[in-house]
Structures are given as C-alpha cells and as structure tokens.
Amino acid sequence: IVTDITTSYIVLENNNIGYLIYTANPLSFEVNNEYKIYIYQHIREDENLLYGFKIKEEKQLFLRLIQVKGLGCKMALPMFATGGVNGIIDAIERENIIYLKKFPKIGDKIARQIILDLKGKLVSNADTKNDMSEFSELSEALTSLGYKSNDIKKILPKINKDLSVEQQIKEALKQMFK
C-alpha cells in the first residue's frame with residue numbers, strides 16, 4: 001500500500017515496513033491504494049536504493065539500459081516518465097538520436113552508446129521471448145549478477161524449466177563456466 005508520494009519517489013508499506021522506492025512517475029500512484037511493483041535493488045558501497053516499475057517490461061528494459069556504459073539508474077529511470085517501453089525501443093531500433101536526447105542528461109554521446117549497445121537486442125523472435133518469459137526470474141537473477149542478456153539467451157535452451165529457480169540458477173552458472 002502506498003503511504004506517501006513525492007515528486008521522485010513513493011513510500012510503499014508492506015507488513016508494517018515502509019520502503020522508499022524511486023519511480024519514473026510517482027504521481028501516477030495514489031495514497032492508500034494497493035499496487036504490485038516490480039523492484040530493482042541497486043546496491044553500491046555507499047548506497048542501497050530501490051527502483052520500482054508498474055509493469056514487468058519497464059523493469060526489463062531498465063535492466064538493459066543500465067548495462068549501457070555511461071548510463072546509470074538515475075539517468076535511465078526518467079526515460080520511463082515520458083517515453084513508454086515501445087517508444088524507447090522504437091527509438092533505439094530506428095537510431096533516433098533526437099528522441100533519446102530529449103531525456104534529461106542524455107546527450108549525443110550516450111544516445112549513440114545506447115543505440116550501439118542495444119540495437120537489435122531488444123526485439124527478438126517469439127521463441128526467444130517465450131524462453132525469456134518462461135525463465136524471467138532466472139534471467140533477472142543472472143542480469144543482477146552482471147551477466148549480459150546475449151549470454152543468458154544462449155544458455156536458456158539448456159536449462160530444465162521444471163527445476164526450481166534456485167536449481168535453475170545453479171545450472172545456469174555451470175553452463176556459463178563451460
């Protein structure tokens with residue numbers, strides 16, 4: 001349940017614990033309403049921040065964007081305030097630098113780096129999308145460990161989908177080191 005809203009974050013209460021969560025559009029939430037939020041926990045030596053998304057596709061694209069050299073969480077999050085998932089992906093695929101530069105702190109250099117790193121990697125065939133959705137928890141876990149999505153996609157066909165997520169992670173790590 002959302003208990004507080006500011007211009008940059010919301011406070012979400014769950015089991016009497018309040019979590020400060022940075023979101024692209026905090027004002028799209030309402031106080032005292034219940035929401036399902038997809039969380040990314042960003043941990044560094046001097047910070048432990050939570051970033052939240054209303055839809056899973058936003059979180060997945062956010063995870064891809066923060067892998068781009070020079071583009072951190074604080075630069076990627078505002079992209080979702082005015083640019084939807086489809087708009088951002090379309091701009092990358094069409095190499096629309098002008099569209100990408102409209103976002104705060106995104107200049108020519110970073111816009112070009114986003115296109116270089118992600119063009120052709122966000123739109124894939126239906127089989128790959130099915131694999132990624134079947135293994136979404138595994139994919140998210142491996143991404144958070146720093147593995148690239150191309151490497152993850154290569155090993156997914158080798159993983160038994162009937163295993164628990166923990167067993168899938170163990171198997172995936174074995175495959176990564178082969």
Side-chain angles (χ1 to χ4, degrees), residues 8-9 21-26 28 36-44 47-159 161 165 168-169 171-173 175-176:
S8 59
Y9 64 84
I21 302 170
Y22 291 95
T23 66
N25 291 312
S28 69
K36 179 177 185 175
I37 299 178
Y38 297 91
I39 299 290
Y40 168 69
Q41 185 174 14
H42 181 75
I43 299 174
R44 293 289 178 254
E47 63 186 6
N48 185 354
L49 305 173
L50 299 176
Y51 293 89
F53 307 90
K54 282 187 174 179
I55 60 173
K56 189 184 293 188
E57 291 78 15
E58 283 184 343
K59 179 184 175 187
Q60 291 170 337
L61 180 56
F62 178 80
L63 292 174
R64 298 299 304 273
L65 287 168
I66 62 175
Q67 291 178 351
V68 173
K69 183 181 177 189
L71 185 66
C73 295
K74 292 176 183 172
M75 290 173 69
L77 188 65
M79 294 176 77
F80 296 96
T82 55
V85 171
N86 292 335
I88 296 168
I89 291 173
D90 185 60
I92 293 168
E93 293 303 317
R94 294 176 184 255
E95 298 185 23
N96 189 343
I97 291 174
I98 295 168
Y99 181 89
L100 295 173
K101 286 173 48 176
K102 78 176 187 173
F103 300 114
K105 300 181 183 173
I106 304 288
D108 198 58
K109 183 178 179 183
I110 291 183
R112 290 181 191 282
Q113 190 67 46
I114 292 169
I115 292 167
L116 180 68
D117 288 359
L118 298 180
K119 184 179 179 190
K121 297 176 183 171
L122 301 174
V123 179
S124 55
N125 63 38
D127 292 338
T128 304
K129 284 184 180 177
N130 289 339
D131 285 347
M132 290 300 275
S133 63
E134 277 182 354
F135 292 107
S136 63
E137 287 185 68
L138 172 62
S139 298
E140 287 179 24
L142 293 173
T143 300
S144 70
L145 290 171
Y147 290 99
K148 303 266 187 250
S149 65
N150 284 347
D151 295 333
I152 295 170
K153 286 178 189 174
K154 288 178 188 173
I155 64 154
L156 288 182
K158 302 174 186 173
I159 307 297
K161 66 181 173 188
V165 175
Q168 288 178 355
I169 292 170
E171 185 60 31
L173 293 173
Q175 294 292 330
M176 290 288 192

> Going through the distances and angles, do Tyr99 and Asp90 end up as a side chain to side chain contact (heavy atoms under 4.5 Å, CB included)?
Replying inline: CA-CA 10 Å; Tyr99 181 89; Asp90 185 60; over 6 Å; no
> Counting N and O atoms only, with roles assigned by atom type, does the side chain of Lys101 sit under 3.5 Å from a partner on the main chain of Ala111, one being a donor and the other an acceptor?
Replying inline: no
>> Is there a side chain to side chain contact (heavy atoms under 4.5 Å, CB included) between Glu58 and Tyr38? Walk through the geometry before answering.
In response: CA-CA 9 Å; Glu58 283 184 343; Tyr38 297 91; over 6 Å; no
> So, Asn48 and Gln41: side-chain donor and acceptor under 3.5 Å apart, yes or no?
Replying inline: yes
> Do the non-hydrogen side-chain atoms of Ile21 and Tyr51 ever get within less than 4.5 Å of each other?
Replying inline: no
> How long is the gap from CD on Gln175 to CG on Leu156, to the nearest 0.5 Å?
Replying inline: 10.5 Å
>> I need the minimum non-hydrogen distance between Ala172 and Leu142, along with the two atoms involved.
In response: CB-CD1, 3.8 Å
> So, Lys102 side chain and Ile98 main chain: donor-acceptor pair closer than 3.5 Å or not?
Replying inline: no
> Can you check whether Ile39 reaches Ile37 side chain to side chain, under 4.5 Å on heavy atoms?
Replying inline: yes
> Atom NE2 of His42 and atom CG of Leu50: how far apart are they, to the nearest 0.5 Å?
Replying inline: 11.0 Å
>> Testing the basics here: between Gln113 and Lys69, what is the closest heavy-atom pair and its distance to 0.1 Å?
In response: CG-O, 3.7 Å
> Between Thr23 and Gly52, which heavy-atom pair has the shortest distance, and what is it?
Replying inline: CG2-O, 3.6 Å
>> Can you tell me how far apart CG (Leu122) and CD1 (Ile88) are? Round to the nearest 0.5 Å.
In response: 10.0 Å
> Got a second to check how far Ile55's CD1 is from Gln60's CD, nearest 0.5 Å?
Replying inline: 9.5 Å
> Donor-acceptor pair, Glu93 side chain versus Gly120 backbone, under 3.5 Å?
Replying inline: yes
>> How close do Phe103 and Thr82 get, counting heavy atoms only, and between which atoms?
In response: CE2-OG1, 3.3 Å
>> For a side chain to side chain contact (heavy atoms under 4.5 Å, CB included) check, start with the C-alpha distance between Leu63 and Ser139, then their side-chain angles and the critical distance, and finish with the verdict.
In response: CA-CA 11 Å; Leu63 292 174; Ser139 298; over 6 Å; no
> For the side chain of Lys54 and the backbone of Ser28, is there at least one donor-acceptor N/O pair under 3.5 Å apart?
Replying inline: yes
>> Atom NZ of residue position Lys119 - does it have more than 12 heavy atoms of other residues, nucleotides or ligands inside 6.0 Å?
In response: yes
> How many angstroms lie between atom CD1 of Ile114 and atom CZ of Arg64, to the nearest 0.5 angstrom?
Replying inline: 12.5 Å
>> What I'd like to find out is whether the side chain of Leu100 reaches to under 4.5 Å of the side chain of Asn96, using heavy atoms alone.
In response: no
> If you take all heavy atoms of Ala76 and Leu65, which pair is closest and at what distance?
Replying inline: CB-CB, 4.1 Å
> Going by the angle between their ring planes, with limits at 30° and 60°, are Phe53 and Phe62 parallel, tilted or perpendicular?
Replying inline: tilted
> Relative to each other, are the rings of Tyr9 and Tyr22 parallel, tilted or perpendicular (30° and 60° limits)?
Replying inline: perpendicular
>> Please report the interatomic distance CD1(Ile97) to CD1(Ile106), rounded to the nearest 0.5 Å.
In response: 12.0 Å
> Tell me, do Tyr40 and Ile66 make a side-chain contact under 4.5 Å, heavy atoms counted?
Replying inline: yes
>> On a heavy-atom basis, which atom in Met75 and which in Ile110 lie closest, and how many Å separate them?
In response: CE-CD1, 3.3 Å
